[in-house]
**Student:** 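Dropping the structure in here first, questions after.
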Amino acid sequence: TNRFYTYERVQEIVAFIQNIVPAKPEVAIICGSGLGGLAELVVDKVVIPYADIPNFPRSTVAGHRSNLVFGILNGISIVCMQGRFHPYEGYTTAACAFPVRVMQMLGAHTLIVTCAAGGVNKSYRVGDIMLIKDHINFPSMAGNNPLIGHNDERFGKKISFCLRPRFPPVGHAYDRQYASQMKQIAAKHNIELREGVYCALGGPCYETIAEINLLRVLGIDAVGMSIVHEVTLGAHCGLRMLGLALITNKCLSEYDSTIEAVHEDVIRISELKANELQQLILDFVGGVKTNKT
Ligand SMILES: Nc1nc2ncn(CCNC(CO)CO)c2c(=O)[nH]1
């Protein structure tokens, strides 16, 4: 539950960061496995290792660096999480996702989430980039949601009909306008963009064949172990969001197949396709409407 990351404790972390970086980032970016290279493109960069931030968790997964990177990306002030946290590391979903609240309180109005994912949709190929249209949050269906516990209405911005509701709507978490902007950017760069439904499992083991067949029956296109709790908190604090999943493994569902998903492939494919993903994000960030009056 979010008992530990209270509003006061998050405020302390925000104050600590603002002491180091006076900038007010407009766009927050969470880099998935092997996708941390985007932060290298940031100019006027200020890097704060997670280890230096009081009460911040540590990334413990290969392919995840552990830095909060501030600076300018294509003219826009951003904050980038080089490395994210996952429930399979032993963190609660609230601990995995609370940095979204920190980045919103630092000034972000937009959140871009990226991840590596397994291709459940049979037509998907390794290396495809999928625009996340919606998600299925299996951990939340099992009672594991970052909003469980006290609902502090001081987090985030007013959502249309009421203040940070106890029961926030997440039906439109993935901003449709951002999605169409991203499609235009991909077309401009001749990058074929899939669009589909992402689902999160707890991990750390990959899926069984029966589970992959179940996900397919449910109309799921890609499977991973992150994203959904970050997007849930982003919806609660009123962020406009865009999600991109890089397909690093094809989920095979024949019992006679001998191929297994391996993390080494996740890193290798992520690094192979990092430039394409970075180009999409760079162009998208450059076009984000800023708060500057
Ligand atoms: N079949 C399958 N292929 C995948 N490739 C990346 N991920 C996302 C999870 N990434 C983990 C382990 O690689 C590291 O966070 C997955 C997944 O969950 N399932």
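Quantities reported herein were computed from a predicted structural model and do not represent experimental measurements.
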**Student:** Same hydrophobic cluster for Val120 and Ile132, using side-chain heavy-atom links shorter than 4.5 Å among ILVMFWY?
**Tutor:**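 No, Val120 and Ile132 fall in different hydrophobic clusters.
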**Student:** Would you please test Asn275 and Gln279 for side chain to side chain donor-acceptor pair (under 3.5 Å) and show each step?
**Tutor:** CA-CA 6 Å; Asn275 291 339; Gln279 184 61 61; over 6 Å; no
**Student:** Verify the cluster assignment for Leu111 and Val170: are they in a single hydrophobic cluster under the rule of side-chain heavy atoms below 4.5 Å apart?
**Tutor:**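 Hydrophobic grouping puts Leu111 apart from Val170.
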**Student:** Checking Gln184 side chain against Gln181 main chain: does a donor-acceptor pair fall under 3.5 Å?
**Tutor:**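 Looks like no, no N/O pair under 3.5 Å.
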**Student:** To check you understand the geometry: which heavy-atom pair defines the closest contact between Pro25 and Phe70, and what is its length?
**Tutor:**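 What the structure gives for the nearest pair is CG-CE2, 4.2 Å.
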**Student:** Counting only N and O atoms by type, is there a donor-acceptor contact under 3.5 Å from the side chain of Ser270 to the main-chain atoms of Leu35?
**Tutor:**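 Between the backbone of Leu35 and the side chain of Ser270 there is no qualifying donor-acceptor contact (under 3.5 Å).
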**Student:** Would the distance check show the side chain of Lys24 and the main-chain N or O of Pro22 forming a donor-acceptor pair, the cut-off being under 3.5 Å?
**Tutor:**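 No, the answer is negative, given that no donor and acceptor are paired below the 3.5 Å cut-off.
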**Student:** Using a 3.5 Å distance criterion without hydrogens, assess whether the side chain of Glu195 forms a donor-acceptor pair with backbone atoms of Leu131.
**Tutor:**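 No; judged by distance alone, with no hydrogens or angles, the pair does not exist.
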**Student:** What heavy-atom pair brings Ala200 and Pro139 nearest, and what distance separates the two atoms?
**Tutor:**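 The answer is O-CD, 3.3 Å.
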**Student:** Heavy-atom count around Lys45 NZ within 6.0 Å, excluding the residue itself: above 12?
**Tutor:**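 More than 12 within 6.0 Å, yes.
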**Student:** Other residues, nucleotides and ligands only: do more than 12 of their heavy atoms fall within 6.0 Å of CD on Glu192?
**Tutor:**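 Correct, the count exceeds 12.
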**Student:** Got a donor-acceptor contact below 3.5 angstrom from the Arg9 side chain to the Phe4 backbone?
**Tutor:**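 Such a contact is found between Arg9 side chain and Phe4 backbone.
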**Student:** When you measure from the side chain of Asn67 to the backbone N and O of Val69, does any donor-acceptor pair fall under 3.5 Å?
**Tutor:**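 Not confirmed, Asn67 side chain does not pair with Val69 backbone.
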**Student:** Verify the cluster assignment for Val266 and Met81: are they in a single hydrophobic cluster under the rule of side-chain heavy atoms below 4.5 Å apart?
**Tutor:**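 They do not share one cluster, since no chain of ILVMFWY contacts under 4.5 Å joins Val266 to Met81.
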**Student:** Determine yes or no for a side-chain-to-main-chain donor-acceptor pair under 3.5 angstrom, with Asp221 supplying the side chain and Val197 the backbone.
**Tutor:**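 Flag set: sc Asp221 to bb Val197 pair under 3.5 Å.
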**Student:** When you measure from the side chain of Arg194 to the backbone of Ala245, do you find a donor-acceptor pair of N or O atoms at a distance under 3.5 Å?
**Tutor:**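 Checking the backbone N and O of Ala245 against the side chain of Arg194, no donor-acceptor pair under 3.5 Å is found.
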**Student:** Compare every heavy atom of Arg101 with every heavy atom of His236, then report the nearest pair and how far apart it is.
**Tutor:**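 Scanning both residues completely, I find the closest heavy atoms to be ND1-NH2, 3.3 Å.
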**Student:** What residue pairs, at least two apart or across chains, pass ring-ring contact (aromatic ring centres under 6.0 Å, His included) with a residue in residues 6-44?
**Tutor:**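 Sorted pair list: Tyr7-Phe155.
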**Student:** Donor-acceptor pair, distance only, cut-off 3.5 Å: does the side chain of Arg84 make one with the backbone of Cys96?
**Tutor:**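 It does not hold such a pair.
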**Student:** Main chain of Ser226, side chain of Tyr198: is a donor-acceptor contact present, judged purely on distance under 3.5 Å?
**Tutor:**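 Answer holds: yes.
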**Student:** Determine whether Asn145 and Thr93 satisfy the following criterion, side chain to side chain contact (heavy atoms under 4.5 Å, CB included), listing intermediate values before the conclusion.
**Tutor:** CA-CA 6 Å; Asn145 185 298; Thr93 49; 5.6 Å; no
**Student:** Run Arg240 and Glu26 through salt bridge (Lys or Arg N to Asp or Glu O under 4.0 Å) and show every step you take.
**Tutor:** CA-CA 11 Å; Arg240 294 181 68 193; Glu26 306 233 20; over 6 Å; no
**Student:** Taking the side chain as every heavy atom from C-beta outward, state whether Val100 and Ile30 have any atom pair closer than 4.5 Å.
**Tutor:**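 They are in contact (side-chain heavy atoms under 4.5 Å apart), so the answer is yes.
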**Student:** Given the side-chain rings of Tyr5 and Phe56, with only the six-membered ring counted for Trp, is the space between their centroids under 6.0 Å?
**Tutor:**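 When the ring centroids of Tyr5 and Phe56 are compared, they turn out to be at least 6.0 Å apart.
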**Student:** What's the verdict on side chain to side chain contact (heavy atoms under 4.5 Å, CB included) for His263 and Val61, showing C-alpha distance, side-chain angles and the deciding distance?
**Tutor:** CA-CA 10 Å; His263 192 59; Val61 183; 3.9 Å; yes
**Student:** Might you work through the side chain to side chain contact (heavy atoms under 4.5 Å, CB included) test for Leu41 and Ile281, ending with a clear yes or no?
**Tutor:** CA-CA 11 Å; Leu41 306 177; Ile281 292 172; over 6 Å; no
**Student:** With side-chain contact (heavy atoms from CB on, under 4.5 Å) as the test, pick out the partner of Met182 among Asp283, Leu244, Ile129.
**Tutor:**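 Looking at Asp283, Leu244, Ile129, the match for Met182 under the side-chain contact (heavy atoms from CB on, under 4.5 Å) is Leu244.
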**Student:** State yes or no: are the ring centers of Phe85 and Tyr50 separated by less than 6.0 Å?
**Tutor:**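 Yes, the ring of Phe85 comes within the 6.0 Å limit of the ring of Tyr50, centre to centre.
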**Student:** In sequence, state the C-alpha distance, the side-chain angles, and the governing distance for His229 and Asn144, and then conclude on side chain to side chain donor-acceptor pair (under 3.5 Å).
**Tutor:** CA-CA 9 Å; His229 24 277; Asn144 186 352; over 6 Å; no
**Student:** Can you confirm whether His172 is buried at NE2, in the sense that more than 12 heavy atoms of other residues, nucleotides or ligands lie under 6.0 Å from that atom?
**Tutor:**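 Open: at most 12 neighbouring heavy atoms sit under 6.0 Å from NE2 of His172.
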**Student:** Let's go through Val21 and Val79 carefully: what are the C-alpha distance in whole Å and the side-chain angles of both, what is the deciding distance for side chain to side chain contact (heavy atoms under 4.5 Å, CB included) to 0.1 Å, and is it a yes or a no?
**Tutor:** CA-CA 10 Å; Val21 188; Val79 53; over 6 Å; no
**Student:** So, for Lys250 and Lys122, which heavy atoms are closest and what is the spacing to 0.1 Å?
**Tutor:**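 Here Lys250 and Lys122 meet closest at NZ-O, 2.8 Å.
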